[in-house]
Undergrad: 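Handing you this structure, nothing more for now.
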Amino acid sequence: MYDLTGFQRDLLYTVAGLDEPHGLAIKEEMEDYYEKEVHHGRLYPNLDTIVEKGLVNKSEKDRRTNEYQLTNRGRREIEDRQKWERQYLSEEEYTDAVVSE
């Protein structure tokens, strides 16, 4: 995960958190978080990057819609990232950060 951009990490977390992660749903979540429009030219190449890195699987739902699913590797990378983050925060700070989300 260390070689991902912040945007790509946010995509990975978004895919992990959605019940039915497809392009438009991911785009809407990212726009809510970033509080601005996320253009297709930014979204889909970055989704393709995390697919190519084996963190997310991409499949065709229908002719117009792709679905994305976190891989086991993607889940491990998120868990490792959370462990890494926790070492720099006290337990109280980490708990407060997680609860406030």
Side-chain angles (χ1 to χ4, degrees):
M1 172 140 6
Y2 63 88
D3 61 341
L4 298 180
T5 66
F7 186 77
Q8 291 165 347
R9 279 194 305 268
D10 292 343
L11 284 173
L12 186 63
Y13 278 76
T14 300
V15 168
L18 289 174
D19 291 332
E20 295 183 28
H22 55 86
L24 186 57
I26 295 166
K27 181 180 185 299
E28 290 171 354
E29 287 291 321
M30 295 295 283
E31 288 176 341
D32 285 347
Y33 178 70
Y34 282 95
E35 297 181 345
K36 65 180 183 178
E37 184 177 0
V38 173
H39 297 281
H40 293 275
R42 181 178 188 200
L43 178 68
Y44 291 103
N46 281 289
L47 280 169
D48 288 341
T49 296
I50 61 176
V51 168
E52 290 166 9
K53 290 183 179 290
L55 303 171
V56 171
N57 286 326
K58 175 181 170 182
S59 61
E60 191 174 288
K61 180 177 182 176
D62 57 45
R63 293 175 57 119
R64 294 179 32 164
T65 308
N66 288 320
E67 292 180 312
Y68 299 87
Q69 188 68 36
L70 196 65
T71 64
N72 288 335
R73 179 175 175 217
R75 190 167 316 286
R76 281 192 313 272
E77 292 287 336
I78 287 173
E79 290 168 0
D80 289 347
R81 174 71 182 205
Q82 290 173 331
K83 287 177 191 174
W84 181 81
E85 289 171 347
R86 278 193 295 268
Q87 74 179 336
Y88 296 103
L89 298 172
S90 70
E91 189 62 35
E92 182 178 315
E93 289 171 322
Y94 184 78
T95 303
D96 289 347
V98 171
V99 170
S100 69
E101 294 175 356

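What you are looking at is a predicted structure, and each value in this text was computed from that prediction instead of being measured.
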Undergrad: Sort out for me which residue in Thr71, Asp48, Asp3 forms a side-chain hydrogen bond (donor to acceptor under 3.5 Å, both in side chains) with Lys53.
TA: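 The option that passes is Asp3.
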Undergrad: Rounded to the nearest 0.5 Å, what separates atom CG in Asn66 from atom NE2 in His22?
TA: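 The NE2 atom of His22 is 11.0 Å from CG of Asn66, to the nearest 0.5 Å.
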Undergrad: Do the rings of His40 and Tyr44 sit parallel, tilted or perpendicular, given the 30° and 60° boundaries?
TA: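 Answer is parallel, since the angle falls under 30°.
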Undergrad: Closest approach of Gly74 and Leu12, non-hydrogen atoms and distance?
TA: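 Shortest heavy-atom contact: O-CD2, 4.4 Å.
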Undergrad: For Pro45 and Gly41, work out which heavy atoms get closest and say how close.
TA: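 Residues Pro45 and Gly41, closest heavy atoms: CG-O, 3.2 Å.
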Undergrad: Do other residues, nucleotides or ligands put more than 12 heavy atoms under 6.0 Å from Arg42 CZ?
TA: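 Enclosed: over 12 neighbouring heavy atoms sit under 6.0 Å from CZ of Arg42.
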Undergrad: How many angstroms lie between atom CD of Gln69 and atom CD of Glu20, to the nearest 0.5 angstrom?
TA: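 Rounded to the nearest 0.5 Å, the CD-CD separation comes to 10.5 Å.
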Undergrad: Judged by modelled atom types alone, do Gln8 and Asn46 share a side-chain donor-acceptor pair under 3.5 Å?
TA: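 The answer is yes; a qualifying pair exists.
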Undergrad: If you look at every heavy atom in Arg73 and Gly54, which pair is closest and at what distance?
TA: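 Answer, listing the atom of Arg73 first, then Gly54: CB-O, 3.8 Å.
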Undergrad: With sequence neighbours left out, what residues match Tyr33 under ring-ring contact (aromatic ring centres under 6.0 Å, His included)?
TA: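 Partners of Tyr33 by the ring-ring contact (aromatic ring centres under 6.0 Å, His included) criterion come out as none, since no residue qualifies.
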Undergrad: Can you tell if the side chain of Asp80 reaches within under 4.5 Å of the side chain of Met1, non-hydrogen atoms only?
TA: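 They are not in side-chain contact.
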Undergrad: What about Val15 and Leu24, same hydrophobic cluster or not, with Ile/Leu/Val/Met/Phe/Trp/Tyr joined at side-chain heavy-atom distances under 4.5 Å?
TA: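 No, Val15 does not connect to Leu24 through the hydrophobic network.
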Undergrad: For Glu67, enumerate each residue passing the salt bridge (charged side-chain N to carboxylate O under 4.0 Å, His left out) test, keeping only those at least two apart in sequence or located in another chain.
TA: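 Counting only residues at least two positions away or on another chain, Glu67 forms no salt bridge (charged side-chain N to carboxylate O under 4.0 Å, His left out).
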Undergrad: Are Phe7 and Leu11 close enough that some pair of their side-chain heavy atoms sits under 4.5 Å apart?
TA: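 Contact flag for Phe7/Leu11 side chains = yes.
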Undergrad: Side chains of Leu47 and Lys58, heavy atoms from C-beta outward: is any pair under 4.5 Å?
TA: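 When only atoms from C-beta onward are counted, Lys58 and Leu47 do not touch, as no gap falls below 4.5 Å.
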Undergrad: Indicate yes or no: does Arg81 engage Glu77 in a salt bridge with an N to O separation below 4.0 Å.
TA: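 No.
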Undergrad: Taking all non-hydrogen atoms of both residues, which atom of Leu43 and which atom of Gly23 are closest, and how far apart?
TA: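 So the two residues come closest at CD2-O, 3.8 Å.
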Undergrad: Of all the heavy-atom pairs spanning Thr65 and Asp62, show the shortest one and how long it is.
TA: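 Closest pair (atom of Thr65, atom of Asp62, distance): N-OD1, 2.9 Å.
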Undergrad: Within the distance-only criterion (no hydrogens, no angle test), does the side chain of Arg75 pair as donor or acceptor with the backbone N or O of Leu70 below 3.5 angstrom?
TA: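 Flag not set: sc Arg75 to bb Leu70 has no pair under 3.5 Å.
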Undergrad: When you compare the side chain of Val51 with that of Tyr68, does any pair of heavy atoms fall below 4.5 Å?
TA: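 When only atoms from C-beta onward are counted, Val51 and Tyr68 do touch, with a gap below 4.5 Å.
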Undergrad: Please determine whether the number of non-hydrogen atoms from other residues, nucleotides or ligands lying under 6.0 Å from atom CD of Glu37 exceeds 12.
TA: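 Buried by this count: over 12 neighbours within 6.0 Å.
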Undergrad: Looking at Asp32, I'd like to know if its CG atom is crowded, meaning that more than 12 non-hydrogen atoms belonging to other residues, nucleotides or ligands lie closer than 6.0 Å.
TA: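 Check passes, neighbour count above 12.
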Undergrad: Show the nearest heavy-atom pair for residues Glu31 and Val38, with the distance to one decimal.
TA: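 Scanning both residues completely, I find the closest heavy atoms to be OE2-N, 3.0 Å.
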